Amino acid sequence: MDLTELREQIDGIDARIVELFERRMDICAQVAQYKIGAGKNVLDKSREAEKLAKVRSLASSEFNGFCIAELFEQIMSMSRKLQYRLLMESGRLEKLSFIGVDELDTKKARVVFQGAEGAYSQAAMTAYFGDSIDSFHVDSFREAMDAIEEGSADFAVLPIENSTAGIVSEIYDLLQEYENYIVGEQIIKIEHCLLGVPGASLEDIRTVYSHPQSLMQSSRYLALRDWRQISMPNNAFAAKKVADERDKSQAAIASEYAGAVYGLEVLQRKVNHSGTNSTRFIIVSGRKIFKKDAKKISICFEVPHESGSLYHMLSHFIYNRLNMTKIESRPIEDRNWEYRFFIDFEGNLADSAVKNALRGLRDEARNMKVLGNY
């Protein structure tokens, strides 16, 4: 046979496969209706395992058996997604208990941020909430989350990602640990300045204080000068130290905002070598609320430690045509080589496609949690 004849045979087989697939999905829809009436779960792991073993045994070779098992995994995955859709249409989807609001109630809100006065977190807070708010600061991210949980603060402002340094891993872990939720975000452009006491000049400087990350981000500028570099827990702490000690030989690398807070002069602007450096801050609340016009959802989940498990979770986004914008993983404590995945995707909790995807993820993943819609 020539290639044309072989392709015609394949086309004929493919047409039969399509016909059989559609017949199978029709029957799956009937199975879904039965499960809806009986209150049964969509996912039946033992049934699927038996099915995969059976179809694999029908193959004529080990290679074909492997391929057949992979094909039927996909077919059964599509069947489950059809059943989740029918569950949603029947009104049997589990409620997520998030409440949609027109606006966040921020007029009399108390807001907490991590760091000292003048920190980038404070600048992000001011950019999001405005100047006329009741706020306070704490030393650690955990203290900020505690303040929300205990009710001493209504909102917390926390850095979650820097465009050059990457994620703030502790924040991801705390979001999973606490029953606090993301309700907004604020992006702040990072422009480090060299700050000194009034009257100081570049020629006076001998020692520079800053957070290790800020020192790294300003390394090209600092490499041209024979200055001692000392790490501090926070840029704002560095600015405060220089302001308190009033020593002309000391300088801090921090924001111009921090300089204004502590009465320092800007000796040099834009000392960080990246002109596009930005930090994304999240606004966290203890209430399970979301703005009705929210467009981004953050979730986390764990998956079984087996081949293809993450792929099957991500297929829910593909099937429901949801655009995933970010994925991160964090190791799970006390479980070696197992990971928790954090995903951002576009959507609103009121959308039917989102509800369908989340139902599938909740059934098939371990410990799925919606972190917020904002």
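When a residue number appears, it is its place in the shown sequence, counting from 1. None of the values given here were measured: they were computed from a predicted structure.
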Donor-acceptor under 3.5 Å (Asn272 side chain, Glu191 main chain): no
Glu73 and Tyr311: side chain donor to acceptor below 3.5 Å: no
Thr164-Asn162 side chain donor-acceptor pair, cut-off 3.5 Å: yes
Taking every non-hydrogen atom, the tightest pair across Ala294 and Asn373: CB-ND2, 3.4 Å
His312 and Glu364: CA distance, side-chain angles, deciding distance, side chain to side chain donor-acceptor pair (under 3.5 Å) verdict: CA-CA 9 Å; His312 289 304; Glu364 298 177 25; over 6 Å; no
Distance flag, aromatic centroids of Phe129 and Phe155, threshold under 6.0 Å: yes
Asp44 versus Ser46, side-chain donor and acceptor atoms under 3.5 Å: yes
Atom NZ of Lys81 with >12 non-hydrogen neighbours under 6.0 angstrom: yes
Side chain to side chain donor-acceptor pair (under 3.5 Å) involving Asp204 - partner list, sequence neighbours excluded: Ser201
Residue pairs involving residues 130-150 (criterion side chain to side chain donor-acceptor pair (under 3.5 Å); sequence neighbours excluded): Arg110-Asp134, Ser140-Glu143, Arg142-Glu177, Arg142-Tyr178, Asp146-Tyr178
Tyr128 and Thr106 side chains, donor-acceptor separation under 3.5 Å: no
Side chain to side chain donor-acceptor pair (under 3.5 Å) pairs, two or more places apart, involving residues 4-29: none
Pi-cation contact, Tyr221 with Lys270 (under 6.0 Å, within 45°): no
Arg280 atom CZ, over 12 foreign heavy atoms within 6.0 Å: yes
Interatomic spacing from CD in Gln33 to OG in Ser90 - rounded to 0.5 Å: 7.0 Å
